[in-house]
Amino acid sequence: MNYEQFLQKLKQSNFNVIGLSCAFCEFGEWQISFIRFGGKFQAEGEIAFVICARPLNVKTLENKIVKESRNPKDYPFKLILSEIDEELIYQPKLLNFELEYFERDGDWSRIYEILRIDLPKLLVKLGVDELKKQIRSQQELSYIEKIWLEE
C-alpha cells in the first residue's frame, strides 16, 4: 500500500483526511492525528510526518478548544514509529520532537495498523488520568502542560 492508498484506507476507516497532509480520528477519550511536514522537511521520494495523540477537548497552545489541530505542539504525544511500543510514557517535546521519514512508494500497511490498532490500544491502556499524572510528575511544567492539566 503506497502513501495515496494509505490515505484512502484511512478515509474508509473514519479518519478525517485533509488533502495529502493530515488525518484525524477520535478513539474513545482520545484523538489521533497523522501530520505530514513539507517544505524544508521534505526529502525526495519520502514523506516526513509525526503521529500525535491527545485527549479530546484539551486546549491548544493558543488556549482554545479546536476539534482538529495541525500543530504538533498542541499534542502531549508526538511520536515516531519506534516510540509506539508496549506502553506510552509522556516526555516533554514541545519544540524538540523528531519526524519520521518513510518512502512515498513504500509499504504503508504497518503505519496504517499503528494508527488504527496499536496506538488506540496503548492510549486506552494509558488512560487520560494516567497521562495527567505523568505530566504532573515533570520537574517544571511548560505553558502548554499547565493548560492541558486544567482540562
Side-chain angles (χ1 to χ4, degrees), residues 1-39 41 47-102 108-151:
M1 159 184 351
N2 67 20
Y3 183 66
E4 285 75 16
Q5 293 165 331
F6 160 76
L7 291 177
Q8 187 60 38
K9 196 159 182 178
L10 286 178
K11 275 185 191 178
Q12 295 168 355
S13 300
N14 296 322
F15 272 78
N16 180 19
V17 178
I18 300 173
L20 296 174
S21 61
C22 297
F24 307 94
C25 193
E26 295 178 5
F27 293 91
E29 298 179 285
W30 297 91
Q31 179 185 64
I32 295 174
S33 302
F34 173 90
I35 302 173
R36 178 181 172 181
F37 285 74
F41 300 103
I47 304 288
F49 65 91
V50 66
I51 296 172
C52 300
R54 68 182 183 162
L56 293 176
N57 302 319
V58 296
K59 291 182 181 176
T60 65
L61 201 55
E62 289 81 30
N63 208 5
K64 296 178 183 177
I65 293 178
V66 298
K67 184 171 173 66
E68 298 165 343
S69 173
R70 296 180 190 197
N71 185 350
K73 295 175 187 174
D74 292 333
Y75 295 83
F77 290 110
K78 296 167 265 303
L79 306 164
I80 58 173
L81 300 176
S82 63
E83 294 174 315
I84 301 169
D85 201 1
E86 294 181 16
E87 72 175 310
L88 293 174
I89 298 173
Y90 175 76
Q91 298 174 13
K93 296 182 184 180
L94 185 60
L95 300 174
N96 62 345
F97 59 92
E98 293 181 61
L99 297 181
E100 186 75 47
Y101 289 85
F102 201 80
W108 285 75
S109 301
R110 180 67 187 126
I111 300 167
Y112 174 79
E113 289 175 15
I114 286 170
L115 289 170
R116 287 290 300 141
I117 300 167
D118 299 352
L119 186 53
K121 284 182 183 178
L122 290 172
L123 291 167
V124 168
K125 180 180 172 185
L126 173 68
V128 173
D129 290 338
E130 179 60 26
L131 170 62
K132 289 179 180 181
K133 183 178 171 184
Q134 289 181 11
I135 292 172
R136 281 188 201 99
S137 72
Q138 300 301 308
Q139 294 292 336
E140 290 184 40
L141 295 180
S142 69
Y143 172 75
I144 191 65
E145 290 166 330
K146 290 175 185 174
I147 291 173
W148 293 333
L149 290 174
E150 289 174 5
E151 296 306 308

Next item on the list: Please report the shortest heavy-atom distance between Glu86 and Lys125, naming the atom on each side.
Entry: O-NZ, 3.4 Å
Note to self: Run the salt bridge (Lys or Arg N to Asp or Glu O under 4.0 Å) test against Arg136 and tell me which residues pass, sequence neighbours left out.
What the structure shows: none
Next item on the list: State which residues pass side chain to side chain contact (heavy atoms under 4.5 Å, CB included) with Leu126; sequence neighbours excluded, sorted by chain then number.
Entry: Trp30, Phe77, Leu88, Glu130, Leu131, Gln134
Margin query: Side chains of Tyr75 and Ser69 only: does a donor on one sit below 3.5 Å from an acceptor on the other?
Written below: no
Notebook entry, point to check: Roughly how far apart are Tyr101 OH and Leu81 CG, rounded to 0.5 Å?
Noted result: 13.5 Å
Check: Do you know the tightest heavy-atom contact between Lys59 and Ile144?
Finding: O-CD1, 4.0 Å
Check: How many angstroms lie between atom OG of Ser33 and atom CZ of Phe15, to the nearest 0.5 angstrom?
Finding: 8.5 Å
Margin query: Quick check: do Leu79 and Leu119 have side-chain heavy atoms less than 4.5 Å from each other?
Written below: yes
Next item on the list: Verify the ring-centre separation between Phe34 and Phe6: is it less than 6.0 angstrom?
Entry: yes
Checklist line | Listed partners of Glu68 passing side chain to side chain donor-acceptor pair (under 3.5 Å), at least two apart | finding: Asn16
Next item on the list: List the steps and the verdict of side-chain contact (heavy atoms from CB on, under 4.5 Å) for Tyr143 and Asn63.
Entry: CA-CA 10 Å; Tyr143 172 75; Asn63 208 5; 4.1 Å; yes
Check: Please walk me through it: do Glu113 and Lys9 pass salt bridge (Lys or Arg N to Asp or Glu O under 4.0 Å)?
Finding: CA-CA 11 Å; Glu113 289 175 15; Lys9 196 159 182 178; over 6 Å; no
Notebook entry, point to check: Do Cys22 and Arg36 touch side chain to side chain, with heavy atoms closer than 4.5 Å?
Noted result: no
Next item on the list: May I ask you to decide whether Glu145 forms a salt bridge with Lys132, counting only side-chain N to carboxylate O separations under 4.0 Å?
Entry: no
Next item on the list: Apply side-chain contact (heavy atoms from CB on, under 4.5 Å) to the pair Phe37 and Ile35, showing each step before the final yes or no.
Entry: CA-CA 7 Å; Phe37 285 74; Ile35 302 173; 4.2 Å; yes
Next item on the list: Would you please say whether a donor-acceptor pair under 3.5 Å links the side chains of Tyr90 and Ser137?
Entry: no
Note to self: Any non-hydrogen side-chain atom of Asn71 less than 4.5 Å from a side-chain atom of Thr60?
What the structure shows: no
Item checked: Value rounded to 0.5 Å, distance of CG in Leu7 from OG in Ser21 -> 9.0 Å
Checklist line | SB check Lys64 Asp74 (cutoff 4.0 Å) | finding: no
Note to self: Under the rule for salt bridge (Lys or Arg N to Asp or Glu O under 4.0 Å), what residues qualify as partners of Lys93, not counting sequence neighbours?
What the structure shows: Glu83
Margin query: Can you list everything that forms a side chain to side chain contact (heavy atoms under 4.5 Å, CB included) with Gln5? Sequence neighbours excluded, please.
Written below: Met1, Asn2
Next item on the list: Taking the side chain as every heavy atom from C-beta outward, state whether Glu62 and Lys73 have any pair of such atoms under 4.5 Å apart.
Entry: no
Item checked: Spacing of Gln91 atom CD and Ile135 atom CD1 [to the nearest 0.5 Å] -> 12.5 Å
Next item on the list: Quick one: pull up CZ in Phe24 and CG in Asn14 and give me the separation to the nearest 0.5 Å.
Entry: 15.5 Å
Item checked: Separation of Lys78 NZ from Leu99 CG (nearest 0.5 Å) -> 12.0 Å
Considering only distance and modelled atom types, tabulate donor-acceptor pairs under 3.5 Å from the side chains of residues 47-56, sequence neighbours left out.
unit_1	atom_1	unit_2	atom_2	d
Arg54	NE	Gln31	OE1	3.0
Arg54	NH2	Gln31	OE1	3.3
Arg54	NH2	Val66	O	3.1

